[in-house]
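What follows is a single structure, written as structure tokens, with notes after it.
Naming convention: chains lettered A, B, ... in sequence-line order (proteins, then strands); numbering from 1 in each chain. Model, not experiment: these values are computed from the prediction.
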Amino acid sequence: MDGACKTYEGGDRPALLPTSFTVERGEFVSLVGPSGCGKSTLLGMIAGLLRPDAGFVEALGRPVEGPGEGRAMVFQDAALFPWLTVLGNVEYGLRAHGVARAERRERALEAVRLVHLDHVVDRHPHELSGGMRQRASIARALVMRPEILLMDEPFSALDAQTRTILSDELQRIWLETRPTVVFVTHNLIEAAFLSDTVHLLSSGPGRIVRTYDIDIPRPRDEADPALLDLRHDMLERLRAEVDDAAERRAQVAEVVAL
Amino acid sequence: MDGACKTYEGGDRPALLPTSFTVERGEFVSLVGPSGCGKSTLLGMIAGLLRPDAGFVEALGRPVEGPGEGRAMVFQDAALFPWLTVLGNVEYGLRAHGVARAERRERALEAVRLVHLDHVVDRHPHELSGGMRQRASIARALVMRPEILLMDEPFSALDAQTRTILSDELQRIWLETRPTVVFVTHNLIEAAFLSDTVHLLSSGPGRIVRTYDIDIPRPRDEADPALLDLRHDMLERLRAEVDDAAERRAQVAEVVAL
Amino acid sequence: MSTAAGGAGAAGGRAVRASRGARAAAIGFLRRSWFVLLILLVWWLVTAAGWVDPYKLPSPGDVLGTLGTLLTERALLVDLGATLLRLVEGWAIGVVAGVLLGILTGGSRVLEDGIRPVIAGLQAVPTIAFLPLAILWFGFNGTAVLAITAFGTFKPMALATYGAMHQISPTLLMAGRALGARGLFLQRTLVFPAIVPSLVTGLKMGWSFAWRALMAAEIVVTGAAGLGGVLELGREIGAIDVVMAVILVILVVGIATEQLVFARLERWVNRRWGLVGAR
Amino acid sequence: MSTAAGGAGAAGGRAVRASRGARAAAIGFLRRSWFVLLILLVWWLVTAAGWVDPYKLPSPGDVLGTLGTLLTERALLVDLGATLLRLVEGWAIGVVAGVLLGILTGGSRVLEDGIRPVIAGLQAVPTIAFLPLAILWFGFNGTAVLAITAFGTFKPMALATYGAMHQISPTLLMAGRALGARGLFLQRTLVFPAIVPSLVTGLKMGWSFAWRALMAAEIVVTGAAGLGGVLELGREIGAIDVVMAVILVILVVGIATEQLVFARLERWVNRRWGLVGAR
Amino acid sequence: GGEAPDAVRVGLMPTITHGPALIALEDEFTPGLAGLPVDEQVFASGPEEVSALLSGSLDAAYIGPGPYVLAEGRAPGRLRLLAGVVNGGQAFVARPGTGIVDARDLAGRRVAVPAHGNTQDLTLRLLLDRAGLRASDQGGDVEVVPVKNAALVEAFRQGVVDAALAPAPFGELLTARGLAAPVPAMDRTIAEWEIPATVLVATEEFARANPAATLALVRASARAVARADAAPRAVARAFNDLLDESTGTRLDGGVLLKALDGTHASTAVARGAMARMVRAAEGAGYAGGPVAPAALVPRAG
Ligand SMILES: Nc1ncnc2c1ncn2[C@@H]1O[C@H](COP(=O)(O)OP(=O)(O)OP(=O)(O)O)[C@@H](O)[C@H]1O
Ligand SMILES: Nc1ncnc2c1ncn2[C@@H]1O[C@H](COP(=O)(O)OP(=O)(O)OP(=O)(O)O)[C@@H](O)[C@H]1O
Ligand SMILES: [Mg+2]
Ligand SMILES: [Mg+2]
């Protein structure tokens with residue numbers, strides 16, 4: 001609880017300019033920006049999976065030197081291990097940390113229950129729907145009891161309805177467990193709906209061009225007009241940001257489709 | 001010019017109920033319908049690539065017994081031969097028909113000029129953009145001087161702008177050469193913009209549920225309000241048609257995105 | 001596409017279906033075996049008509065007769081057993097060694113870049129060329145043959161492992177690392193299972209190379225029991241029927257292994273790894 | 001990702017870049033050859049220190065010396081030439097026969113379903129097992145060896161062709177048929193070019209099997225000139241240095257073929273077929 | 001073929017028991033046979049020569065009686081026995097310390113022969129038979145192990161086998177290196193049987209079509225046999241020359257001469273000896289069919 005719990009100063013990667021921002025403990029932050037602007041790169045650095053060329057990342061008061069240590073990540077395509085069952089997937093991180101069998105099982109079942117997957121613990125990933133897979137992936141991250149949860153477009157491979165349902169569930173889970181969340185998405189409504197803060201990144205060499213603080217009380221409703229206004233605002237801003245004509249078209253199409 | 005130049009009576013394929021329709025010589029007909037309703041199957045039967053289980057297909061006064069014979073086809077993903085240049089691809093059908101080298105070259109160059117690809121005749125397909133590839137594919141069909149041109153979602157793999165440009169070009173080419181065209185698409189605007197007649201197919205077991213005759217004079221403009229009205233009409237009709245809830249959602253999303 | 005059968009009346013439908021099933025099975029059998037039957041027929045005709053010297057091509061009956069004699073009098077099953085034992089042993093050693101080397105060194109670019117070209121180079125040399133070395137190092141006995149078989153398996157397995165490791169989804173690796181897996185735990189619980197589907201294909205390849213190395217070696221080192229020795233015996237005494245009988249045995253073993261072991265293993269792995277649709 | 005170098009001043013930039021280039025090349029070389037160098041060093045140390053019987057492992061120098069002697073006195077190049085000629089001939093025959101069979105019969109389900117299992121079965125039998133038959137049918141001379149080499153190549157090539165044909169995009173086939181291509185024209189101008197990229201991989205596989213079949217055959221049929229004969233001779237007179245010299249020659253030839261022929265061919269085909277990104 | 005051949009293709013093996021063949025190649029065949037030049041081909045083993053003869057790539061060959069007898073059983077009447085060349089030429093040796101002095105001591109032992117069905121293999125079976133023993137592939141307890149001549153030294157050094165019936169000069173070579181000792185009792189028995197080491201055969205087809213050349217071949221071979229019998233040193237030299245040419249090594253002249261002691265160049269073929277070979281082949285299950293007694297008698301014209 002010592003104020004700034006995470007700071008980032010980016011490297012000189014071609015597509016990511018030096019970038020700094022801070023996330024308060026327990027805060028839900030979204031990163032939004034055009035494709036290829038470096039959102040995944042940024043998240044990877046926070047996770048400790050990528051090393052910044054310059055600058056540094058600090059999490060929970062310590063500099064990030066590798067993965068793990070209270071941070072967990074959820075990927076766009078779930079990235080479940082196909083040879084393990086749902087339970088096996090959820091237990092994996094605990095096994096990696098040498099948690100004893102009994103405790104492992106118990107914690108995994110608890111996490112699975114949290115995402116409403118207790119009826120399919122023995123299924124393999126290919127026997128699940130896309131939404132179930134993504135929920136398993138979230139359970140796999142939550143079971144680590146992370147203080148920081150990193151999510152890289154976790155819902156973008158899903159259809160609109162499943163997406164809405166999972167957004168709702170994520171809000172519920174977040175309200176229950178209150179981890180710090182850094183959430184990457186293309187979906188402005190999603191970002192506005194879930195977050196305390198939304199950072200807008202620029203295209204090309206990524207950097208933060210605008211920050212929105214969202215004070216709407218939770219639990220929120222996706223149809224809330226305040227959210228729609230906010231989305232409109234962000235959309236305008238994004239349009240202005242995407243300078244290249246071709247990119248703007250693609251971007252607009254993408255956003256309209258949401 | 002003997003009135004009904006093509007008649008189709010469909011087989012009992014699980015996903016295609018017996019279907020009949022007639023296309024006048026020189027007419028531009030579009031087939032629109034939900035995914036999996038049998039549009040490609042139908043087109044394949046007209047092309048002579050698939051055999052109906054029952055019923056028969058007649059083209060140019062003769063029953064269809066195999067591919068060729070005045071019919072040419074354009075596929076969704078262009079389906080160019082990657083080992084041939086643009087010119088080689090366009091010449092291929094002529095080679096298959098034993099057309100002499102000199103005539104082949106001349107006709108191919110003419111077709112390539114018609115689709116504005118004369119500057120890239122020596123490139124291979126992977127050196128072309130998606131739109132150029134699709135134009136090469138159209139040239140490959142046109143060079144056969146087909147009386148009937150079959151197009152299976154020829155523009156669906158392209159981005160919105162390229163799509164619009166190619167639609168315009170297709171209209172121009174059609175006005176110049178006036179083949180009979182059977183055009184399959186998901187894009188209602190596209191269908192309305194290009195066609196004399198649009199047949200709406202039902203989902204599940206495919207059959208024609210509605211036929212629209214479009215009398216707007218050519219050349220047309222995609223922004224024509226009459227077209228937009230028509231699209232709205234078709235969209236409503238399609239919505240009603242797609243009964244399964246999940247399918248309706250996907251369908252609507254698809255249509256909205258166009 | 002069974003809708004075509006839907007037209008049949010309900011009464012008697014079962015009988016119709018059963019006879020149809022039998023007919024379909026018969027057609028399926030013919031479809032897969034007409035060529036074998038054709039070969040057998042031509043073989044039989046040619047030998048029965050006396051068009052070829054039986055010294056050069058014995059009749060199918062002669063070969064079967066010889067096979068019977070070999071099975072009863074020479075205890076061919078002992079030779080077969082010895083060969084299969086050597087094959088499985090050598091292959092297993094080669095597989096384990098190749099996969100271990102691949103996994104342990106495939107994670108590091110420096111190790112892989114140094115070792116992989118050497119193995120690729122060695123794979124370009126027919127394993128049998130190393131037999132003289134093996135005989136000098138391990139003696140003129142089964143150990144040399146085993147070593148050659150293992151070595152013949154080792155090279156393609158190591159190369160298959162390297163290849164498979166390059167195809168692991170980077171996201172999967174990231175997911176594992178993000179969950180705290182590292183070092184040997186990562187290799188054992190993520191890298192290895194991730195490459196299993198590719199390895200199954202590699203196993204068959206390795207088996208094929210193992211057979212080749214083993215047969216070539218057994219033909220030279222003929223001391224102990226083994227099919228290679230019988231093959232060489234047939235050649236030495238000019239008994240082509242013996243040679244063909246042995247080929248027949250290897251053929252049957254090969255097809256049985258493929259059907260009963262590898263095809264099943266592949267199907268099981270593909271199901272478990274959720275690759276059914278992908279193939 | 002050369003932006004890192006962008007910080008260097010314009011003056012002297014070229015020199016810096018050149019020396020960097022040289023250093024990068026040196027590092028690249030070391031990266032790929034440290035393991036070879038390590039092996040050579042250990043080999044040299046072990047033999048120089050006298051830890052192993054030179055009868056079992058001659059020193060690198062001895063092997064090179066023997067190689068020199070073989071090259072000058074036994075005209076090893078004649079053997080190498082004879083072997084390579086047989087290899088290329090047998091391989092080419094096998095490739096043409098395998099691909100032709102695959103293309104001509106792969107288009108028909110009946111033909112493929114009958115023939116493919118037979119070839120797959122034969123591929124399970126080491127080609128060398130057919131050598132006694134080949135000797136009886138073709139005589140004890142180069143023809144038998146050639147036949148075995150060709151047969152050894154034929155089987156995997158035919159199987160690779162079948163496999164490749166199943167991977168042809170159905171749309172491409174439909175496109176060709178819609179344009180009026182059929183029969184032999186279709187096979188020649190569509191099916192064949194469409195499978196070329198897969199065949200290039202198959203060619204390497206076939207080459208590998210051709211080498212194996214040829215060496216195993218040459219070791220048995222030692223009459224004419226050939227590396228297999230030299231290898232067998234080395235074994236017979238217990239001259240391990242001769243064996244290792246021959247292995248060295250095969251290794252160099254194998255690596256050279258891979259680098260100069262197959263890798264280039266593959267690169268060319270992948271570029272021409274637009275598969276650069278896909279690999 | 002019906003047309004006249006342009007050369008007589010004669011096969012032989014690079015062993016010392018083919019001594020007369022080596023001499024014949026050096027001198028006797030040089031002027032040709034009935035106007036035909038001689039094209040010599042060197043083979044590694046008897047079965048290979050048989051394959052070459054039967055597949056038509058060879059007209060005549062110096063060959064061991066074992067492979068000849070087997071060929072007669074499998075392809076009757078295709079070959080013709082022309083004349084004897086060398087008798088004897090094999091030595092029984094045992095590893096020191098095994099205590100093998102007689103055939104009876106071979107019970108439970110491993111004995112090397114060069115190849116299945118070759119002259120030594122058949123002779124060994126005769127020896128075992130006389131001692132009331134059987135080879136393991138005939139249900140007995142003596143293991144007959146095929147070991148190629150070149151691998152023999154290594155096999156003895158590693159103790160893979162206890163004894164060997166080896167063609168000259170490999171038995172003597174083992175003895176000279178101290179890896180084995182002769183077993184005189186066995187050698188005496190073998191000598192009594194007068195088993196040939198090498199005979200001269202031709203394809204029936206060639207002999208019929210070219211009687212003059214066949215006769216010339218037999219005569220030239222007989223002259224070479226006489227010379228070899230008179231001058232073993234010439235044989236040793238011719239052998240070493242051939243060895244040197246193909247492998248770059250020469251064997252110790254003393255060993256070669258000692259080996260030649262046990263050989264006896266002669267055009268005669270002891271009828272009983274050939275019959276014994278047939279019996280051994282049948283006993284071992286090698287014979288593809290019965291061998292006509294007439295095939296065991298040399299027939300030049
Ligand atoms: N492994 C890599 N090697 C080289 N460049 C990379 C690599 N990964 C990403 N990049 C580049 O870095 C830039 C940022 O990529 P990143 O994946 O972070 O973007 P993103 O914002 O996540 O995009 P998206 O929304 O499409 O996921 C892009 O230009 C990309 O091409
Ligand atoms: N080769 C095939 N074998 C079996 N069923 C097929 C085959 N091809 C298509 N189908 C089925 O036939 C039905 C019609 O397919 P078709 O491809 O004609 O649909 P479509 O209208 O073209 O759909 P889309 O808009 O997605 O291209 C679908 O239910 C499909 O699953
Ligand atoms: Mg990303
Ligand atoms: Mg379709």
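Using a 4.0 Å cut-off between a side-chain N of Lys or Arg and a carboxylate O of Asp or Glu, E/Arg125 and E/Asp121 qualify as a salt bridge. A salt bridge is absent between E/Arg110 and E/Asp162; no separation between the charged side-chain nitrogens and carboxylate oxygens falls under 4.0 Å. Ion pairing between a basic and an acidic side chain is recognised when a charged N comes within 4.0 Å of a carboxylate O; E/Glu282 and E/Arg279 show no such pairing. Comment: E/Arg134 does not engage E/Asp129 in a salt bridge, judged by the lack of any side-chain N to carboxylate O separation of less than 4.0 angstrom. E/Glu204 and E/Arg299 are joined by a salt bridge, as a carboxylate oxygen and a charged side-chain nitrogen come within less than 4.0 angstrom of each other. We find that E/Arg78 and E/Glu205 are not joined by a salt bridge, their nearest charged nitrogen and carboxylate oxygen being 4.0 Å or further apart.
Judged by distance alone, the side chain of C/Ser208 and the main-chain N or O of C/Lys204 form no donor-acceptor pair under 3.5 Å. Put simply, the side chain of C/Glu236 never gets that close to the backbone of E/Asn118: no donor and acceptor are under 3.5 Å apart.
Within the 4.5 Å cutoff, no side-chain heavy atoms of C/Leu57 are placed close to those of C/Asp53. Using a 4.5 Å heavy-atom threshold, the side chains of E/Gln90 and E/Ile195 count as touching. E/Val86 places none of its side-chain heavy atoms less than 4.5 Å from the side chain of E/His18.
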Could you go through the side chain to side chain contact (heavy atoms under 4.5 Å, CB included) check for E/Tyr286 and C/Leu233 one step at a time? CA-CA 9 Å; E/Tyr286 293 155; C/Leu233 164 75; 3.7 Å; yes

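Under the salt bridge (charged side-chain N to carboxylate O under 4.0 Å, His left out) criterion, E/Asp141 pairs with no residue at all, not counting sequence neighbours.
Heavy atoms of E/Arg157 lying under 4.5 Å from chain C are absent altogether.
Using a 4.5 Å cut-off between non-hydrogen atoms, the part of residues 54-64 of chain E that approaches chain C consists of E/Leu54, E/Ser55. Within residues 89-105 of chain C, no residue has any heavy atom under 4.5 Å from a heavy atom of chain E. Residues of residues 115-125 of chain C placed with any heavy atom under 4.5 Å of a heavy atom in chain E are absent; none qualify.
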